Amino acid sequence: MASSSEVWIGSAYLFLQSKKIVLPSLYGSSQQKPKVFHALKLALADSTGSMNGVDVLKVHCSDPHLIVQLKFCKEENCRKFLQSYREGALQKSLQNHLQLTLSMPTISVETDLKTGSEHLDRMLNEVEHCLACIYKEKPDRLRDEEIAELEKSLRSLTCRQENNVVVAKKSNSLNSSSLPYSSGASSLPQGTTFIFQGQHFANRTLTRDDHQKFAKLVSKKWKQVGRSLQKNCRALRDPVIDNLALEYDREGLYEQAYQLLLKFIQSEGKRATLQRLIAALEENSLIHLAEELLGLHHSDNDTS
């Protein structure tokens with residue numbers, strides 16, 4: 001492994017395929033390529049907790065696989081990526097993002113992770129060995145020009161979406177669709193805002209739509225989000241969260257997450273705000289879900 005004076009750099013290949021959709025064909029389409037790339041970048045950001053945690057150098061189309069060449073510049077980011085990959089969180093995140101960007105109900109994606117002749121899926125429990133394999137595999141290329149253009153377009157799109165959302169939130173702050181989910185509560189004072197990714201967003205009480213999106217997309221991290229919310233919510237102490245897990249185990253993750261947020265909304269009333277939920281999601285690296293709740297994927301879907 002690198003000494004303290006060396007820069008930690010490694011590379012790996014992420015193989016993706018789906019039985020429902022042909023990923024190489026989608027990526028080969030000029031219209032769908034930005035959407036697939038957008039989903040991929042967001043999933044990778046979720047895995048490391050940062051949009052800059054891992055670089056995409058090139059995407060190869062080799063039917064039935066989409067092969068993504070990755071570059072890591074920090075051991076810590078690579079370690080986070082491996083944990084996310086091992087736990088299935090990266091796979092789940094990618095499936096969710098593809099569903100959103102491609103406007104499809106369900107998408108199943110199979111993944112394989114390789115470096116040179118090593119198949120890392122066979123040794124995921126040996127984290128240090130995986131790290132050594134990735135560190136040994138140095139990138140053999142600079143970032144592809146096509147990837148650079150996609151990155152540039154993605155940044156531009158994100159900026160436009162954020163600006164549109166800020167304007168929309170301000171103009172609709174008193175609209176009935178923004179009324180709080182909890183019965184009888186009123187909107188927060190106009191002008192109340194919070195910052196997410198350097199942008200200001202209007203704060204409000206959580207809505208039914210927020211509730212359903214959270215339950216659908218948070219997956220197995222619902223407990224972690226609950227523990228983040230419990231810091232200022234007595235109704236979500238550990239025994240309560242554990243009881244929800246047991247009581248709704250047969251119903252699955254959606255119902256467990258739904259009941260968690262329902263308890264938060266019922267106990268906090270007008271104080272069950274979007275800002276508090278977004279902060280809890282950020283704390284648990286659920287950037288994709290935070291962006292979904294803030295409407296940052298809507299413009300992309302509308303243009304499909």
Side-chain angles (χ1 to χ4, degrees), residues 11-48 51 53-72 81 84-86 88-122 134 137 139-158 160-161 213 216-217 219 287-289 291-292 296-304:
S11 181
Y13 290 88
L14 180 63
F15 287 70
L16 307 171
Q17 67 171 318
S18 173
K19 294 180 180 179
K20 186 169 184 179
I21 58 175
V22 183
L23 287 172
S25 296
L26 281 176
Y27 194 79
S29 163
S30 59
Q31 182 180 6
Q32 302 296 343
K33 180 180 292 186
K35 297 180 181 181
V36 176
F37 183 77
H38 189 184
L40 175 62
K41 283 290 293 183
L42 290 175
L44 291 172
D46 289 340
S47 73
T48 61
M51 287 297 289
V54 54
D55 293 329
V56 176
L57 297 183
K58 185 173 178 62
V59 177
H60 307 264
C61 294
S62 180
D63 194 34
H65 293 100
L66 203 62
I67 307 172
V68 186
Q69 186 175 3
L70 304 174
K71 175 186 176 182
F72 300 90
F81 170 86
S84 176
Y85 184 85
R86 183 178 67 251
L90 174 66
Q91 180 186 29
K92 180 67 175 178
S93 176
L94 180 57
Q95 290 173 166
N96 287 338
H97 286 306
L98 286 171
Q99 287 171 205
L100 290 168
T101 58
L102 298 175
S103 301
M104 298 181 68
T106 57
I107 294 177
S108 177
V109 176
E110 297 176 5
T111 62
D112 287 290
L113 188 63
K114 301 179 181 180
T115 59
S117 60
E118 298 286 356
H119 193 172
L120 300 188
D121 292 74
R122 299 170 183 168
I134 293 174
E137 188 77 10
D140 61 356
R141 61 162 58 244
L142 297 175
R143 186 170 55 174
D144 193 79
E145 289 185 5
E146 179 183 67
I147 299 299
E149 286 299 315
L150 286 168
E151 295 266 15
K152 182 179 179 181
S153 298
L154 180 56
R155 286 194 297 270
S156 176
L157 173 63
T158 301
R160 290 199 305 272
Q161 289 176 335
K213 285 180 179 178
K216 179 181 178 182
L217 299 175
S219 190
I287 306 302
H288 75 284
L289 181 46
E291 290 179 337
E292 175 63 16
L296 297 182
H297 297 305
H298 292 172
S299 294
D300 195 36
N301 289 338
D302 291 342
T303 58
S304 62

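Along the sequence shown, residues are numbered consecutively beginning with 1. Please read all numbers here as calculations on a predicted model, not as lab measurements.
- Leu102 CG to His38 NE2: the interatomic distance, rounded to the nearest 0.5 Å, is 11.5 Å.
- For the pair Leu66 and Cys61, the minimum side-chain heavy-atom distance is below 4.5 Å.
- We find the OG-CG distance between Ser18 and Leu23 to be 5.5 Å, quoted to the nearest 0.5 Å.
- No cation-pi contact links Lys114 to Tyr13, judged by a cut-off of 6.0 Å to the six-membered ring centre and 45° from its axis.
- When all heavy atoms are compared, the tightest approach of Leu70 to Ser11 is O-OG, 2.9 Å.
- At least one side-chain heavy atom of Met104 sits under 4.5 Å from a side-chain heavy atom of Ile21.
- Nearest heavy atom pair, residue Tyr27 against residue Lys33, reads O-CE, 2.7 Å.
- There is a side-chain donor-acceptor pair under 3.5 Å between Asp46 and His97.
- The heavy-atom pair separating Met51 from Lys41 by the smallest distance is O-NZ, 3.7 Å.
- Between His65 and His60, the closest side-chain pair of non-hydrogen atoms is not below 4.5 Å.
- Rounding to the nearest 0.5 Å gives a distance of 9.0 Å between NZ of Lys35 and OG of Ser29.
- One finds the CG atom of Leu98 at 8.5 Å from the CG atom of Leu40 (value rounded to the nearest 0.5 Å).
- In this structure, Glu146 does not pair ionically with Lys58, as no charged nitrogen and carboxylate oxygen lie closer than 4.0 Å.
- Using a distance-only test at 3.5 Å, with no hydrogens or angles considered, a donor-acceptor pair links the side chain of Gln91 to the main chain of Val109.
- Interatomic distance, Asn96 CG to Thr101 OG1, rounded to the nearest 0.5 Å: 10.5 Å.
- Across all non-hydrogen atoms, the minimal contact from Val56 to Phe37 is CG1-CE1, 4.2 Å.
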*For Leu142 and Leu57, what are the C-alpha separation, side-chain angles and deciding distance, and is it a side-chain contact (heavy atoms from CB on, under 4.5 Å)?*
CA-CA 6 Å; Leu142 297 175; Leu57 297 183; over 6 Å; no

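- With hydrogens and angles disregarded, no donor-acceptor distance shorter than 3.5 Å links the side chain of Gln95 to the backbone of Ser108.
- Residues Ile134 and Phe72 meet the side-chain proximity criterion, which asks for heavy atoms closer than 4.5 Å.
- Panel note: side chain Ser47, backbone Leu44; a donor-acceptor pair is recorded below 3.5 Å.
- Among all heavy-atom pairs drawn from Leu26 and Gln32, the shortest one is O-CB, 3.3 Å.
- Between Asp140 and Gln69, the side chains place a donor N or O and an acceptor N or O closer than 3.5 Å (distance only, hydrogens not considered).
- How far CG of Leu94 is from NE2 of His288: 11.0 Å, rounded to the nearest 0.5 Å.
- Looking at Ile287 and Leu42, their side chains never come closer than 4.5 Å, going by heavy atoms from C-beta outward.
- Ionic pairing of Lys71 and Asp55 is not present here: no N-O contact between side-chain nitrogen and carboxylate oxygen is shorter than 4.0 angstrom.
- Looking at Ile67 and Val59, their side chains never come closer than 4.5 Å, going by heavy atoms from C-beta outward.
- Scanning all heavy atoms of the two residues, the minimum distance from Leu113 to Tyr85 falls at N-OH, 3.2 Å.
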